[in-house]
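Input: a single structure, listed below in structure tokens.
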Amino acid sequence: MNTLANRESLPAVTAAGVVAIIFSALGVLLGLLVEASMIVAPRLRTSEGVPGIPPGTLAAVEVFWLFGIAIAIFGFFAGLGVLRRRNWARITMLVWGGIMAVLSAVSIPVILLVFNSLPSSLPNGAEAGPFMGFLKVFMVFFYGIPLGIGIWWLVLFTRPRVAAAFAAPAPLAAYPPAMDATGFPLPQPEARPSSSSKAACPLPLMILAGFLIFSAACMVLAVFFPMTGSMPFFLFGHLFSGISAKFLLGLIGAVLGIAGVGMLKLKPAALHTVLVLQCVFFINGILSAVNPRFLAAAQEAMQRADAENPAFPGGNPFLTGSFFHSILIFGLFFSAAIIAILLFYRSRFLEAASAANA
């Protein structure tokens with residue numbers, strides 16, 4: 001008997017799977033268009049005196065969008081898994097929705113902060129006001145849509161009724177069915193979801209682990225880009241650049257990625273590793289904020305990199321002192337939020353890890 005036919009019809013789950021498939025297909029299409037434009041861009045002629053796009057920037061965009069295409073393809077199959085009621089797909093949607101909601105919620109205030117500081121640094125700032133207002137509204141809608149969808153997925157796929165629909169049905173007895181007094185077999189019960197609960201990572205930590213794995217992949221990929229070595233890396237007052245900065249970035253990315261996988265596998269050492277690293281990042285961020293060398297070196301490196309970008313021939317108008325301070329303070333709050341989540345769910349995580357080992 002087909003178990004899919006016996007499962008309860010859930011239109012909201014079907015709609016979520018279809019939305020995931022559409023989002024993934026659009027992501028693949030957009031990635032292919034960007035890759036095609038990166039192939040054509042070096043052949044385009046620029047205005048006299050305007051430099052072309054640096055090869056390092058082209059390579060970085062191509063690699064990151066290839067990575068994005070791979071994630072979109074995985075999301076496409078996750079959407080198909082939701083339609084087929086696969087539990088791994090439900091977990092994927094929870095992680096995907098959590099990351100999408102958090103990144104969108106973070107991006108909206110950051111974008112508004114950037115746009116608020118931009119008109120004052122433009123030559124015709126007063127004339128650009130109406131256009132900047134339109135851009136603000138557009139970006140709020142642009143990030144508001146994935147924010148709403150991410151929250152919808154988190155609420156939908158954590159409902160007990162939906163989770164039960166994705167649980168594997170309990171196997172029926174293999175021995176012959178019981179007979180009644182007349183010799184006819186008694187009605188057999190329908191296959192129902194198994195009631196055995198498997199220890200799992202708490203949902204907020206599961207989303208954090210997915211975010212760490214994604215961030216780790218981006219950090220490791222960034223090591224191979226030429227411009228990465230020109231960015232300053234501050235660690236407790238010491239300035240690193242060049243090969244040393246690349247090495248530290250790759251090392252931190254590798255550790256975060258391994259720890260993220262370990263958290264999904266309920267390894268207490270992985271949770272404590274992430275907690276220690278976040279505390280180090282938080283303390284290092286405070287020391288960097290009070291160090292005048294950090295902001296000066298970071299702004300100089302960014303201006304030097306943007307001098308080769310044809311989009312900013314006169315320098316990047318975003319890179320103001322107040323913008324760097326705002327981003328640094330926001331990073332401290334973000335790190336503090338991660339530390340708070342790790343500490344709050346640590347006991348539940350350890351209980352789940354103990355149950356898994358038992």
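The structure presented is a predicted model; accordingly, all values stated were derived computationally and were not measured.
Distance alone, capped at 3.5 Å, places no donor-acceptor pair between the R85 side chain and the F166 backbone. Although no hydrogens or angles enter the test, the distance criterion places a donor-acceptor pair under 3.5 Å between the side chain of S107 and the main chain of L103. Remark: side-chain polar atoms of T158 are paired, donor with acceptor, to backbone N or O of L154 under 3.5 angstrom. Judged purely by atom type and a 3.5 angstrom limit, N357 uses its side chain to pair as donor or acceptor with the backbone of A353.
When all heavy atoms are compared, the tightest approach of A20 to M93 is CB-CE, 3.7 Å. Of all non-hydrogen atoms in G260 and A209, the two that sit nearest each other are O-CB, 3.5 Å. Scanning both residues, A89 and A78, for their nearest heavy atoms gives CB-O, 3.4 Å. When all heavy atoms are compared, the tightest approach of P204 to I341 is CB-CG2, 4.2 Å. Contact between A72 and S24 at its shortest, heavy atoms only, is O-CB, 3.1 Å. Between A216 and L256 the shortest heavy-atom distance is CB-C, 4.2 Å.
Looking at L26 and I22, their side chains come closer than 4.5 Å, going by heavy atoms from C-beta outward. Side chains of L10 and R161 form a contact here, defined as non-hydrogen atoms less than 4.5 Å apart.
Applying the ring-ring contact (aromatic ring centres under 6.0 Å, His included) test to every pair with at least one member in residues 83-110, sequence neighbours left out, gives these pairs: W96-W153.
Atom CG in L32 sits 9.0 Å away from atom CG in L66 (nearest 0.5 Å). Rounding to the nearest 0.5 Å gives a distance of 12.0 Å between CE of M263 and OH of Y345. Separation of atoms CG (L156) and CD1 (I151) is listed at 13.5 Å; rounding is to 0.5 Å. Rounding to the nearest 0.5 angstrom, the gap separating the CG atom in L29 from the CD1 atom in I69 is 9.5 Å. Expressed to the nearest 0.5 Å, how far CG of L94 lies from CD1 of I99 amounts to 11.0 Å. Atoms OG1 and CG, from T92 and N87 in turn, are 9.5 Å apart once rounded to the nearest 0.5 Å.
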When you look at I252 and M219, which way does the side-chain contact (heavy atoms from CB on, under 4.5 Å) test go after all the steps? CA-CA 8 Å; I252 293 174; M219 293 169 70; 3.6 Å; yes

Set out, in order, the CA-CA distance, both residues' side-chain angles and the distance that settles side-chain contact (heavy atoms from CB on, under 4.5 Å) for L135 and I111, then state yes or no. CA-CA 10 Å; L135 280 182; I111 291 295; over 6 Å; no

Please assess F211 against V95 for the test side-chain contact (heavy atoms from CB on, under 4.5 Å), listing each intermediate value before the final yes or no. CA-CA 8 Å; F211 176 75; V95 175; over 6 Å; no

Run the side-chain contact (heavy atoms from CB on, under 4.5 Å) check on I91 and M206 step by step: do they pass? CA-CA 9 Å; I91 296 174; M206 189 184 299; 3.3 Å; yes

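Partners of A356 under the side chain to side chain contact (heavy atoms under 4.5 Å, CB included) rule, at least two apart in sequence or in another chain, are A199, L266. With sequence neighbours excluded, the residues satisfying side chain to side chain contact (heavy atoms under 4.5 Å, CB included) with I338 are L208, Q278, F334, L342. Contacts of K136 classified as side chain to side chain donor-acceptor pair (under 3.5 Å), with partners at least two apart in sequence or in another chain: N116. Remark: F77 pairs with I73, L80 by the side chain to side chain contact (heavy atoms under 4.5 Å, CB included) rule, at least two apart or across chains. Every ring-ring contact (aromatic ring centres under 6.0 Å, His included) that F214 has, sequence neighbours left out, goes to F67. Every residue two or more places apart in sequence or in another chain that forms a side chain to side chain contact (heavy atoms under 4.5 Å, CB included) with P146 is listed here: M100, S104. Remark: R346 pairs with H272 by the side chain to side chain donor-acceptor pair (under 3.5 Å) rule, at least two apart or across chains.
When the shell of 6.0 Å around CZ of F281 is examined, it contains more than 12 heavy atoms from other residues, nucleotides or ligands. For F330, the CZ atom counts as densely surrounded, since its 6.0 Å shell holds more than 12 non-hydrogen atoms of other residues, nucleotides or ligands.
Residue L264 is grouped with residue V261 when hydrophobic side chains (ILVMFWY) are merged at heavy-atom distances under 4.5 angstrom, including chains of intermediate members. Residues I71 and F74 do not share a hydrophobic cluster, clusters being chains of Ile/Leu/Val/Met/Phe/Trp/Tyr side chains in contact below 4.5 Å. F141 is not connected to V19 by any chain of hydrophobic side-chain contacts under 4.5 Å among Ile, Leu, Val, Met, Phe, Trp and Tyr, and they are in different clusters. In terms of hydrophobic clustering, with Ile, Leu, Val, Met, Phe, Trp and Tyr side chains grouped at heavy-atom distances under 4.5 Å, L277 and L248 are assigned to a common cluster. Under the 4.5 Å side-chain heavy-atom criterion for ILVMFWY residues, a single connected hydrophobic cluster contains both V106 and F282.
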